[in-house]
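Inspection log for the structure reproduced underneath, given as structure tokens.
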Amino acid sequence: QVQLVESGGGSVQAGGSLRLSCAASGYTHSSVCMGWFRQAPGKEREGVATITTRGSTTYAASVKGRFTISQDNAKNTLYLQMNNLKPEDTAMYYCAADFPWTICTLRDPIRNYRYWGQGTQVTVSS
């Protein structure tokens with residue numbers, strides 16, 4: 001059974017940093033698309049960053065240059081380093097995985113990703 005467990009959320013002031021982790025278990029696959037998504041109250045879930053097993057990444061324009069997605073394949077762990085956080089980054093952050101995959105995308109997360117974690121809250125105060 002595929003399990004994704006996020007951690008590392010919290011409350012920070014604007015300009016601060018957080019590092020999210022997502023521990024994955026219950027599967028072995030040669031090529032996995034993984035991503036971070038977020039959802040603020042009253043808003044749709046949106047893509048933040050994605051990464052393939054080979055290390056190809058994509059970022060939302062709103063986080064480019066501030067956030068970095070990475071993975072440790074040996075530990076089956078996905079990370080999101082978030083720097084220079086802004087109040088508009090406040091949201092529940094979710095880790096997601098999909099395999100096999102045809103496109104590793106930020107779009108239509110609910111449709112394109114089969115597996116989801118429970119989420120971790122990030123709150124940025126001004």
Flag yes if [X] and [Y] sit in one hydrophobic cluster, no otherwise; membership is Ile, Leu, Val, Met, Phe, Trp, Tyr, and two members link when side-chain heavy atoms are under 4.5 Å apart.
X: Leu106; Y: Ile103; value: no
X: Met34; Y: Val2; value: yes
X: Tyr94; Y: Ile51; value: no
X: Leu18; Y: Val48; value: yes

Is a donor on one side and an acceptor on the other found under 3.5 Å between the side chain of [X] and the backbone of [Y]?
X: Thr123; Y: Ser11; answer: no
X: Thr53; Y: Val32; answer: yes
X: Gln1; Y: Gly26; answer: no

Residues Arg38, Thr120; criterion side-chain contact (heavy atoms from CB on, under 4.5 Å); working and verdict: CA-CA 9 Å; Arg38 65 187 182 187; Thr120 186; over 6 Å; no

Please name the pair of heavy atoms, one in [X] and one in [Y], separated by the smallest distance, quoted to 0.1 Å.
X: Val122; Y: Leu20; result: CG2-CD2, 4.1 Å
X: Ala40; Y: Ala91; result: N-CB, 3.9 Å
X: Gly47; Y: Ala60; result: O-CB, 3.4 Å
X: Tyr27; Y: Ala24; result: OH-CB, 3.4 Å

Looking at [atom1] of [X] and [atom2] of [Y], how far apart are the two atoms once the value is rounded to the nearest 0.5 Å?
X: Phe99; Y: Ser31; atom1: CZ; atom2: OG; answer: 10.5 Å
X: Arg19; Y: Thr68; atom1: CZ; atom2: OG1; answer: 10.5 Å
X: Glu44; Y: Asp108; atom1: CD; atom2: CG; answer: 9.0 Å
X: Leu78; Y: Ser70; atom1: CG; atom2: OG; answer: 7.0 Å
X: Leu4; Y: Gln118; atom1: CG; atom2: CD; answer: 9.0 Å
X: Gln3; Y: Cys95; atom1: CD; atom2: SG; answer: 12.0 Å

Do [X] and [Y] make a side-chain contact, defined as non-hydrogen atoms from C-beta onward lying under 4.5 Å apart?
X: Asp89; Y: Arg66; result: yes
X: Asn112; Y: Asp98; result: no
X: Glu46; Y: Phe37; result: no
X: Thr105; Y: Thr58; result: no

Can you label the angle between the Tyr93 ring and the Phe67 ring as parallel, tilted or perpendicular, going by 30° and 60°? tilted

Inset, instruction - Please determine if Arg114 forms a cation-pi arrangement with Trp101, meaning its NZ or CZ atom is less than 6.0 Å from the six-membered ring centre and no more than 45° off the ring axis. - result: no

(message) As a quick check of understanding, evaluate side-chain contact (heavy atoms from CB on, under 4.5 Å) for Gln121 and Thr90, giving each step before the final call.
(response) CA-CA 8 Å; Gln121 178 67 38; Thr90 295; 4.1 Å; yes

Donor on one side chain, acceptor on other, Asp72 and Thr77, under 3.5 Å
no

Test log, rule side-chain contact (heavy atoms from CB on, under 4.5 Å), inputs Gln71 and Tyr79
CA-CA 6 Å; Gln71 61 192 353; Tyr79 302 101; 5.7 Å; no

- Item | Worked check of side-chain contact (heavy atoms from CB on, under 4.5 Å) between Gln81 and Ser17 | CA-CA 8 Å; Gln81 178 66 44; Ser17 298; 4.0 Å; yes

Only one of Tyr113, Trp36, Tyr59 passes side chain to side chain contact (heavy atoms under 4.5 Å, CB included) with Thr50, and that residue is Tyr113

